[in-house]
Each structure stands twice: as C-alpha cells, then as structure tokens.
Amino acid sequence: MKLLLAFLSLALGILAESYQTGNATFYNPALPGWHSDPSCIRRDDTFFCVTSTFIAFPGLPVYASKDLRNWRLISHVWNRESQLPGVSWNTTQQQQGMYAATIREHKGEIYVVCEYLGLSQGIIGVLFKTKDPFNDAAWSDPVTFSPKKIDPDLFWDDDGTLYVATQGIILQKLDMETGELSQPPISLWNGTGGVWPEGPHIYKKDGYYYLLIAEGGTAEDHSITMARSRKLTGPYEAYAGNPVLTARGTQRYFQTVGHGDLFTDKAGNWWGMCLATRSGPAYEIYPMGREAVLFPVTWEEGEWPVMQTIEGRMSGWPTMPPPNRRIPGDGPFVADPDSYDFEAGSSIPKNLIHWRVPAEGAFKISKKGLQVTPSRANLTGTPFGNVETSGQRGLSFIARRQTDTLFTYSVDLVSKPKNANEEAGVSVFLTQVNHLDLGVVQLPPTKPSEEPQLAFRFRVTSDNVPIAVPEPHIVPVPAAWKQSNLRLQISTSNNVTYEFSAMKAGHPESAIKMGTASAQLVSGGNGTFVGSLVGAYATCNGAGKGVDCPRGEPAVFSRWRYTGKGQQISINEVV
Ligand SMILES: *[C@@H]1O[C@H](CO)[C@@H](O)[C@H](O)[C@H]1NC(C)=O
Ligand SMILES: *[C@@H]1O[C@H](CO)[C@@H](O)[C@H](O)[C@H]1NC(C)=O
Ligand SMILES: *[C@@H]1O[C@H](CO)[C@@H](O)[C@H](O)[C@H]1NC(C)=O
Ligand SMILES: *[C@@H]1O[C@H](CO)[C@@H](O)[C@H](O)[C@H]1NC(C)=O
Ligand SMILES: *[C@@H]1O[C@H](CO)[C@@H](O)[C@H](O)[C@H]1NC(C)=O
Ligand SMILES: *[C@@H]1O[C@H](CO)[C@@H](O)[C@H](O)[C@H]1NC(C)=O
C-alpha cells in the first residue's frame with residue numbers, strides 16, 4: 001500500500017510538472033451534450049459554470065472543476081417547484097423556460113441570475129443566491145424582477161451598485177432586495193449589425209468597462225463581439241477587430257461559436273467558455289445541440305482580448321492546473337458513464353432530469369428499482385392548451401443528456417404494462433415533437449374477442465425536419481420472455497445513426513433489431529435551442545380521463561447504463 005502511494009505521488013508529481021513546462025492539451029466540448037450559453041467564474045481554485053435549460057427540470061445545472069477538464073455536476077440552481085410555484089406547469093412551448101443565466105460571486109455569495117419565458121405576465125427575472133453551491137437546498141428562492149429583454153448579466157461596480165445588462169444591449173440598476181429595476185433602461189450598444197445583440201457580460205479591466213456580447217443569432221452566424229468605454233453607461237467604442245470569436249463562414253466542425261463568458265485561472269491567465277455545435281459546415285446533423293467549449297484568451301493590459309479558435313483538441317496555458325477530480329459532491333462528472341441500479345435507499349442521480357416539473361411522486365426508488373408512475377400524456381401528447389394530455393402537467397420521462405457522439409444506453413424493464421395502451425420505454429428526445437422511442441406496449445385489441453397484445457414498438461415522431469420519418473415497427477414480445485426482465489437499448493451505429501434493439505435482459509444474443517433512425521430527426525426541428533436527452537418514460541397514451549392514467553400502476557426500471565464510446569472532435573477524427 002505504502003509503495004503504491006509512493007508510486008502514485010511520484011507519478012502525479014511528474015504529471016503535474018509536465019503541465020507546467022509546456023502548453024497543456026485539452027479537448028472540446030468541455031461540457032459535452034446540451035450545455036448552451038455557459039457562464040463561468042472562479043472562486044479560489046475552483047471554477048463554476050452554469051448553463052441554459054429552458055423547460056427541463058431541475059434546471060440551471062452548476063458544474064465545478066479544479067482543472068478545467070473534469071467537470072462535476074454539483075447542484076441545480078432551480079431544483080424545487082416551490083422556488084417558482086406554478087410556473088413550470090403554465091408554460092406551453094418547448095423552448096420557453098430558463099434562458100441564458102449569468103453566474104457571479106459577490107461578497108462571499110454566489111449569485112445566478114436568469115430569465116423565465118413563457119408566462120402570460122411576461123418575462124420573469126430571477127436572482128438566486130447561495131453560500132454553498134454544492135448543495136441544491138442551499139440555493140435560495142429567487143428575488144423576481146420584470147425585465148423587458150432576455151439574457152441578464154450581473155455586474156457590481158466599484159461603488160457596490162448592482163447592474164443588469166440584457167439583450168439590446170440595455171443597462172439597468174437592480175435592487176437585490178426588492179427586484180426593482182431603474183428606469184428608463186440605458187442603451188449601451190447595438191452591436192456591429194448582426195441580429196439579436198444579446199448575452200451581454202461586463203468586465204472592468206485597466207480602467208475600461210468591456211462589454212462582451214453574442215450577435216448574429218445562435219446558428220451559423222453566431223459570434224462574440226466586444227466594445228469598451230471609460231464609463232459604464234457609455235459611449236461604447238466597438239472593437240475594430242470584431243467579431244472577436246466566430247465560426248461564421250468557415251468549414252470548421254465546431255459551428256455556431258458564440259455566447260461566451262471570460263474568467264481567469266489562479267495564475268492570472270484568461271480563459272473563456274462559449275457555446276458551439278458539432279455539426280460541420282453542413283449544419284444538418286447535431287443531435288447534442290449547443291455544447292459548451294473552452295478556449296484560452298490572451299488579454300494584455302489596455303488591449304482587446306484575443307480568443308483562440310475553437311477546435312476539438314486545444315492547447316491551453318501551461319498554467320492549466322493538472323488533472324484533479326477532488327471536487328466534493330455526489331453528482332457525476334459530466335463525461336462519466338452512468339451505471340445506476342436504483343438500489344433501495346438511494347436517491348435519483350443528479351444528472352437525471354425531466355421535461356417540466358414532473359407530477360409529485362411520479363419517480364420513486366423502491367426495492368424493485370426506479371418506479372415511474374405513467375403520465376396520461378405520452379411524450380408527444382396532444383396540442384398545447386389541453387393541460388390533461390399535452391404534457392404540460394408533467395411527463396413521466398427521466399433522462400440524461402446525450403453527451404457522446406457514440407454511445408450505448410440501456411435500461412431493464414422489470415414490470416410489464418398490464419392495461420391496454422400502457423407503455424414503458426426508452427427515447428432519444430429533443431422536444432415533444434422530435435423524439436425516437438422504443439417502448440413495450442399493451443396494444444389494444446382490434447376486435448372485442450381479442451386480448452391486448454404485449455409488443456415492442458419502435459416509433460419516431462419528428463416535426464420540422466427535412467427528411468422522412470421511419471415507419472413504426474412492432475414485434476410481439478416473445479411468449480418465453482414474459483417472466484424475464486426486458487432490456488431496451490439505444491446505441492449509435494455511426495456518428496449519424498441510432499440503432500434500437502430489444503432483448504431478454506442479460507441475453508445480448510436474443511436481441512431483436514427494432515429499427516434505426518437518423519440523428520437528423522433530433523437535430524434542429526422544433527428544438528433549435530436544446531439538445532437530445534436519452535432516457536426512459538411511462539405512459540398510458542391518453543387512456544382514461546384527467547391528468548393521471550386510469551390505473552396508474554408504476555413501470556419499474558432497473559440497471560440503467562450509459563457508456564460513451566467516442567467523441568467526434570473534427571470532421572475526420574473521433575477520440
Ligand atoms: C398559472 O395559470 C393559472 C391559470 O391561468 C393562474 O391562475 C396562475 O396565476 C398562473 N400561475 C403562474 C405562476 O403564472
Ligand atoms: C440602439 O438602437 C436604438 C434603436 O434604434 C436607439 O434608440 C439607441 O440609441 C441605439 N443605441 C446606441 C448606443 O447607439
Ligand atoms: C502555447 O504555445 C504557443 C507556442 O509556443 C504560444 O504561441 C501560445 O501562446 C501558448 N499558449 C496557448 C494558450 O496556446
Ligand atoms: C413546431 O414548430 C411548428 C413550426 O414552427 C409550430 O407550428 C408547432 O406549433 C411547433 N410544435 C410544438 C409542439 O411546439
Ligand atoms: C399519444 O397520446 C395521444 C393522446 O393523448 C394519442 O392520440 C396518441 O395516439 C398517443 N400515441 C401513441 C403512440 O399511442
Ligand atoms: C460523421 O463522420 C463523417 C466521416 O468521418 C464526417 O464526414 C461527418 O462530418 C461526421 N458528421 C458528424 C455530424 O459528426
């Protein structure tokens with residue numbers, strides 16, 4: 001043991017040294033999978049980032065890292081329905097909810113400001129704070145305010161006054177206690193002419209107020225541009241070298257580069273995080289949507305920052321801290337696999353999320369595994385406005401982000417649907433109208449004399465995509481499997497195709513191929529701001545009345561596995 005420790009410390013010492021003698025290598029995306037609009041800070045030796053989550057719940061994940069490579073999910077800022085009562089269930093659209101957040105530290109507390117879209121009363125600004133970002137429960141209920149525009153920044157000037165800049169770009173003082181915003185807003189800068197000047201962040205450096213914004217829309221024309229002024233309220237002078245960072249008009253694999261934030265490491269070197277999409281210039285297939293990427297920034301005194309072009313493999317500053325996974329908390333690191341058996345007494349893993357706040361008690365861990373009470377609404381539901389079947393009152397869906405280009409995901413179904421139309425399955429889910437499902441379903445009889453039939457069903461729903469949707473495929477569950485757990489599996493056969501199969505749990509040789517689907521079916525569509533989730537659902541497909549299924553017997557899942565098998569980091573390289 002002693003010898004092993006001695007060897008380990010020697011090895012780590014050599015490793016640490018090698019990071020100080022040359023530029024360190026790191027890979028993008030730093031936060032793989034749907035992680036849009038990152039905002040980051042450093043406190044002592046720990047970096048913290050928050051990202052956008054729209055209607056997903058819990059929302060606004062906070063990741064912590066000591067080395068800028070290993071990022072642990074430590075909490076969600078929005079983690080209790082009681083923080084914003086009734087808000088989630090009143091939100092109808094797929095891409096409303098929590099837009100771009102900003103994270104900042106002030107006087108020992110960490111603040112996250114964000115804006116919630118989709119309610120009839122207009123945009124609600126929300127300012128949360130905590131002394132302990134490692135603990136969900138420590139995030140406060142928000143102070144709310146009424147901004148006119150999205151993407152709030154937080155900036156405390158030297159005299160302690162708090163300012164919020166938003167899309168436009170406009171500036172207002174914010175009273176942290178009452179939520180009062182100063183009027184009228186001051187117009188700071190309109191950007192360089194790209195659409196949607198937004199996502200502002202203000203930094204004070206070398207006697208200047210630097211304003212960093214996103215411009216050009218969040219797709220191929222996205223960019224970061226900057227302006228500066230000696231006075232916070234302007235006039236702002238645009239940088240002659242704008243855009244500071246973009247992939248616009250390039251053939252690069254990482255497209256849509258923009259919407260970023262800057263911070264320093266302990267050695268004083270600058271870094272940035274922004275969003276990018278791994279689509280290549282074709283910008284057709286990008287199931288993971290907008291991901292967070294890291295880049296070194298050179299920012300000399302009195303000068304404009306110079307940002308390194310976003311690539312899959314990057315050279316960081318030699319001061320990049322050596323690998324270090326000593327981050328407290330029970331959440332997983334973003335790039336780690338899942339291996340969840342849902343043992344009695346365990347809690348629901350932190351990286352598993354829902355589409356809107358779920359119905360109370362819909363997800364429970366019991367002796368048998370993860371119990372999911374089916375929702376009457378299936379993943380698609382009916383058009384919005386019908387709260388009973390649209391999914392607005394919570395969907396029984398639990399999922400993680402697809403974080404790898406290539407992966408295998410499977411879960412075992414321990415119980416089987418008993419009543420007609422009941423279904424339990426797995427899905428690659430972008431929005432309620434863009435999802436690829438493999439379910440075990442009790443197909444209702446076509447004639448009164450028949451019994452319902454237990455079947456595997458592969459079924460694709462995809463709106464607003466320019467390719468054909470595959471036909472459903474139904475295979476009766478073999479009679480000999482009726483006493484066994486059933487394993488439902490989604491894997492990638494290449495960087496653009498998913499493969500769905502069903503088998504007797506523990507018997508890969510029994511696998512029935514249920515279908516394949518192009519990743520284009522979950523790219524863009526009705527979810528241009530979000531990214532694919534993979535997970536499990538239970539529903540009765542609209543049977544009965546009200547919000548709940550007529551019998552509502554829970555589906556039970558166990559042995560949840562997700563393993564990354566490869567990341568595409570350039571047009572021709574997978575690592
Ligand atoms: C949600 O909608 C209901 C019905 O329109 C309304 O009474 C309630 O105030 C709304 N709640 C919120 C938080 O918007
Ligand atoms: C930005 O554009 C608006 C609308 O045209 C204008 O009122 C405002 O003065 C402009 N702001 C600046 C700083 O130029
Ligand atoms: C890495 O090394 C190159 C070549 O020596 C240098 O130009 C660059 O500034 C260094 N730092 C980063 C962050 O790449
Ligand atoms: C999907 O997008 C289409 C076209 O923009 C829109 O008409 C439809 O309402 C959207 N569906 C949902 C469920 O958001
Ligand atoms: C999903 O639910 C709706 C009604 O809520 C129903 O019309 C539709 O057929 C269901 N889909 C499937 C695959 O059963
Ligand atoms: C998939 O791989 C092919 C071949 O390496 C490459 O040309 C293409 O850009 C990749 N597509 C995506 C979306 O990664």
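Order of appearance sets the numbers: ligands from 1, and atoms from 1 within every ligand. Numbers here are sequence positions counted from 1.
- Below 30°, between 30° and 60°, or above 60°: for Phe458 and Phe500 the angle between ring planes is between 30° and 60°, a tilted geometry.
- Contacts of ligand 2 (protein heavy-atom distance under 4.0 Å) are Ser187, Leu188, Trp189, Asn190.
- Between Tyr253 and ligand 6 there is a heavy-atom distance shorter than 4.0 Å.
- In terms of the side-chain contact (heavy atoms from CB on, under 4.5 Å) criterion, residue partners of Ala214 (sequence neighbours excluded) are, by chain and number, Glu198, His222, His259.
- Not counting sequence neighbours, the partners of Thr246 by the side-chain contact (heavy atoms from CB on, under 4.5 Å) test are Ser223, Pro243, Arg248.
- For the residue pair Asp157 / Tyr209, a side-chain donor-acceptor distance below 3.5 Å is found, with atom types taken as modelled.
- The Pro85 neighbourhood of ligand 1 comprises atoms 13 (C), with distances under 4.0 Å to a heavy atom of that residue.
- Ser39 pairs in a side-chain hydrogen bond (donor to acceptor under 3.5 Å, both in side chains) with only one of the listed residues (Asp261, Thr51, Asp153), which is Asp261.
- For ligand 6, the atoms closer than 4.0 angstrom to any heavy atom of Ile285 are 13 (C).
- For Asp141, the salt bridge (Lys or Arg N to Asp or Glu O under 4.0 Å) criterion is met by Arg80, not counting sequence neighbours.
- Each of Thr408, Asn351, Thr403 was compared with Tyr562 under the side-chain hydrogen bond (donor to acceptor under 3.5 Å, both in side chains) criterion, and only Thr403 meets it.
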